[in-house]
Amino acid sequence: MAWAAFRGGRQGGNIPAVRQERNHPVIHVEYPEWVNSVVDWRRTYGSDSERMSLAIAVSRENVERGTGGPFGAAIFDQASGKLISVGMNSVVRYNNCALHAEVMAFMFAQQRVGSFTLNSPALSPHELFTSCEPCAMCLGATLWSGVRRVVYGAAREDASQLNFEEGPVFAESYKYLEDRGIVIERNMLRNEAREVLEMYRARGGKVYNG
């Protein structure tokens, strides 16, 4: 905060210091209220299908509750199946183009483990399950997040049918990640994930970057 002292008045005396506030935007991001009714934080997600099913369930609930776009994600401890975080598309809810499901999941996971990277030597490997193939932004964020494996459900062309713009993602983009040790697995439970996209389209969901 800043304080400004002014001198003046008829007698030329002192006028008390005047407090000048500098107001800056503050970003505060939270899960929507329904999360704990959908996500079982205590269970172990032992299989890939269980982990992807959770990401898809988050995407579905986000549409049904009207809290965002048809995309969900979850981050797990790779070996144990312990759930670290979930993420749901929150672009419209927060008027913030960066808040895709994957980015939300990275943010909450890193806060929970207390590290800016999930590839810290003090941590076991982590993996991302996402209901739809990552866009250009989320694929880039994946590299910096520190996850060692990415599994996605619906494909890029499925999202494009709703006129979502996925950005410049190429075969070379994936090769770049794979060359750095990140495993990519595609189209797991694709039909189930695609059903959520179709539900969003049928409900007239907002396509914010078409």
Side-chain angles (χ1 to χ4, degrees), residues 27-43 45 47-76 83-109 111-112 127-142 145 147 150-167 169 185-210:
I27 298 174
H28 182 78
V29 178
E30 291 186 89
Y31 287 138
E33 292 182 356
W34 51 261
V35 165
N36 288 339
S37 67
V38 174
V39 177
D40 186 347
W41 297 97
R42 296 167 297 179
R43 67 166 284 192
Y45 296 80
S47 69
D48 284 353
S49 61
E50 289 177 319
R51 299 176 195 188
M52 180 58 75
S53 292
L54 177 61
I56 294 171
V58 169
S59 72
R60 183 182 299 109
E61 200 72 17
N62 208 35
V63 174
E64 291 181 344
R65 301 282 188 132
T67 49
F71 307 102
I75 291 177
F76 300 89
L83 176 64
I84 306 302
S85 71
V86 297
M88 65 293 300
N89 181 279
S90 302
V91 170
V92 175
R93 183 161 64 100
Y94 279 111
N95 293 316
N96 190 319
C97 67
L99 295 183
H100 288 199
E102 297 93 332
V103 173
M104 289 278 286
F106 295 148
M107 291 167 60
F108 282 108
Q111 183 187 56
R112 183 173 184 185
E127 58 189 8
L128 167 71
F129 280 72
T130 178
S131 67
C132 190
E133 182 174 355
C135 69
M137 176 182 70
C138 293
L139 202 61
T142 295
S145 73
V147 297
V150 176
V151 184
Y152 68 75
R156 175 187 178 91
E157 52 265 32
D158 301 325
S160 297
Q161 288 181 7
L162 276 69
N163 294 320
F164 277 106
E165 171 57 56
E166 297 299 280
V169 177
E185 298 191 23
R186 300 164 171 83
N187 301 330
M188 178 168 289
L189 302 183
R190 180 178 178 181
N191 288 337
E192 289 90 332
R194 192 161 44 191
E195 286 173 3
V196 178
L197 298 176
E198 174 57 26
M199 179 173 65
Y200 191 72
R201 185 204 62 76
R203 292 179 174 221
K206 186 176 182 64
V207 178
Y208 44 81
N209 68 351

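E166 places none of its side-chain heavy atoms less than 4.5 Å from the side chain of E133. Inter-residue side-chain proximity for E64 and M199 is flagged as met; some heavy-atom pair is nearer than 4.5 Å. Residues R93 and L99 have side chains not in contact (no heavy-atom distance under 4.5 Å, counting atoms from C-beta outward). Side-chain contact between K206 and Y200: present, with at least one pair of heavy atoms (C-beta onward) separated by less than 4.5 Å. W34 places a side-chain heavy atom less than 4.5 Å from the side chain of V58. No side-chain heavy atom of R51 sits less than 4.5 Å from a side-chain heavy atom of V151. For the pair P70/R203, no side-chain contact is recorded, criterion being any heavy-atom separation below 4.5 Å from C-beta on. You'll find the side chain of Y45 stays beyond 4.5 Å of the side chain of F129, heavy atoms only.
Under the 3.5 Å distance criterion, the side-chain polar atoms of Y152 are left unmatched by any main-chain donor or acceptor of L128. A donor-acceptor pair under 3.5 Å is absent between the side-chain atoms of T130 and the main chain of A73, judged by distance alone. Without hydrogens or angle criteria, Y31 side chain to V86 main chain gives a donor-acceptor distance under 3.5 Å. A side-chain donor-acceptor contact under 3.5 Å links S85 to the backbone of A105. Without hydrogens or angle criteria, N62 side chain to N89 main chain gives a donor-acceptor distance under 3.5 Å.
Atom-to-atom distance recorded for M188:CE and S53:OG is 9.5 Å, nearest 0.5 angstrom. If you take CE on M107 and CD1 on I75, they are separated by 11.5 Å, rounding to the nearest 0.5 Å. In this structure, CG on L189 lies 10.5 Å from CD on E195, to the nearest 0.5 angstrom. A distance of 10.0 Å separates CZ in R156 from SG in C132, rounded to the nearest 0.5 Å. Of the inter-residue distances, the one linking L83 atom CG with R43 atom CZ reads 9.5 Å to the nearest 0.5 angstrom. Note that the CG atom of L197 and the OG atom of S59 stand 7.5 Å from one another [nearest 0.5 Å].
For R112 and F108, the positive end is not near the middle of the six-membered ring at less than 6.0 Å and at most 45° from its axis.
Residues V147 and S145 come closest through the heavy atom pair N-OG, 3.2 Å. P32 approaches M88 most closely through the heavy-atom pair CD-SD, 3.6 Å. Contact record, M137 with C97: CE-O, 3.8 Å, taken as the closest heavy-atom pair. Heavy atoms only, all atoms of each residue included: E102 and P134 are closest at OE2-CA, 3.6 Å. Looking at every heavy atom in both residues, S37 comes nearest to R65 through OG-NH2, 3.7 Å. Scanning both residues, A155 and D158, for their nearest heavy atoms gives N-OD2, 2.7 Å.
Salt-bridge annotation for E157 and R190: present, with a side-chain N of the basic residue lying under 4.0 Å from a carboxylate O of the acidic one.
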Stepwise side chain to side chain contact (heavy atoms under 4.5 Å, CB included) test for Q161 and R194: CA-CA 10 Å; Q161 288 181 7; R194 192 161 44 191; 5.7 Å; no

Side chain to side chain contact (heavy atoms under 4.5 Å, CB included) evaluation trace for V169 with C135: CA-CA 7 Å; V169 177; C135 69; 5.6 Å; no

Y94 vs I27, side chain to side chain contact (heavy atoms under 4.5 Å, CB included): CA-CA, chis, key distance, verdict: CA-CA 9 Å; Y94 279 111; I27 298 174; over 6 Å; no

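Environment of CD in E198: crowded, with over 12 heavy atoms of neighbouring residues, nucleotides or ligands closer than 6.0 Å.
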